[in-house]
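Below: the structure, in structure tokens.
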Amino acid sequence: TSSRPGGGANKDFRTLQFPSRLLGDSITPSEQLAADQLCCVYTRVTVIKQPQQQPVLILYDLGTRNYPAANFVSTAQRAMDDICGMSMGSSDCSNA
């Protein structure tokens, strides 16, 4: 797990909540790499079991970014792109 030094407004990490129904039976090397890359920018991945839930990124200030149902690697890349485009995120990405 990773926590951002100095933290954010409400917490010191982001969370990408990803529905279990969109994952296979085992984690692939590319999925593990995508999760590791998110960890480097203070973003944890949580697998959720709510069947109707879509992937969602929860930010430091508890705001959210919703993503369409897709595979984990493409969702993680979209989240990484969004994070790197944010003010605190751009700093996190340049230091990762």
message = Would the distance check show the side chain of Gln54 and the main-chain N or O of Pro68 forming a donor-acceptor pair, the cut-off being under 3.5 Å?
response = no

inquiry  = Looking at Thr43 and Cys39, would you say the former's side chain and the latter's main chain have a donor-acceptor pair under 3.5 Å?
reply    =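 Judged by distance alone, no pair lies under 3.5 Å.
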
query = Looking only at heavy atoms, what is the nearest atom pair of Asn66 and Val56, with distance?
reply = OD1-CG2, 3.2 Å

key: For the student: nearest non-hydrogen atoms of Ala70 and Ser74, plus distance   = CB-OG, 3.5 Å

request  = Taking side-chain hydrogen bond (donor to acceptor under 3.5 Å, both in side chains) as the test, write out the residues that go with Gln32, two or more places apart.
outcome  =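 Expected list: Asp36.
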
key: Residues which pass side-chain hydrogen bond (donor to acceptor under 3.5 Å, both in side chains) with Thr64, listed by chain and number, not counting sequence neighbours   = none

message = Under the disulfide bond (SG atoms under 2.5 Å apart) definition, can you give me all pairs with a residue in residues 52-84, not counting sequence neighbours?
response =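 Counting only pairs at least two positions apart or across chains, the disulfide bond (SG atoms under 2.5 Å apart) contacts touching residues 52-84 are Cys84-Cys93.
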
inquiry  = Determine whether the aromatic ring centres of residues Phe72 and Phe18 are separated by less than 6.0 angstrom.
reply    = yes

ask   = Taking a hydrophobic cluster as the set of Ile, Leu, Val, Met, Phe, Trp and Tyr residues connected by side-chain heavy atoms closer than 4.5 Å, whether directly or through intermediates, do Met80 and Val47 fall within one such cluster?
value = yes

All N/O donor-acceptor pairs, side-chain side in residues 19-28, below 3.5 Å, sequence neighbours left out:
unit_1, atom_1, unit_2, atom_2, d
Ser20, OG, Ile48, O, 3.4
Arg21, NE, Pro51, O, 2.6
Arg21, NH2, Gln53, O, 3.0
Thr28, OG1, Ser30, OG, 3.2
Thr28, OG1, Glu31, N, 3.1
Thr28, OG1, Glu31, OE1, 3.4

ask   = In this structure, which one of Thr75, Leu38, Thr15 forms a side-chain contact (heavy atoms from CB on, under 4.5 Å) with Val45?
value =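 Testing Val45 for a side-chain contact (heavy atoms from CB on, under 4.5 Å) against Thr75, Leu38, Thr15 leaves exactly one candidate, Leu38.
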
message = What's the separation between atom OH in Tyr60 and atom CD1 in Ile83, rounded to the nearest 0.5 Å?
response =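 Answer for the OH-CD1 pair, Tyr60 versus Ile83, is 8.0 Å.
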
task = Determine which pairs satisfy salt bridge (charged side-chain N to carboxylate O under 4.0 Å, His left out) with at least one residue from residues 66-80, sequence neighbours left out, and list them in order.
result = none

inquiry  = Suppose the criterion is salt bridge (charged side-chain N to carboxylate O under 4.0 Å, His left out): which pairs have a residue in residues 65-77, not counting sequence neighbours?
reply    =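 Sorted result for residues 65-77: Arg65-Asp82.
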
ask   = How far apart are the C-alpha atoms of Leu57 and Arg14, what are their side-chain angles, what is the distance that settles it, and do they pass the side chain to side chain contact (heavy atoms under 4.5 Å, CB included) test?
value = CA-CA 7 Å; Leu57 179 64; Arg14 298 174 198 90; 4.2 Å; yes

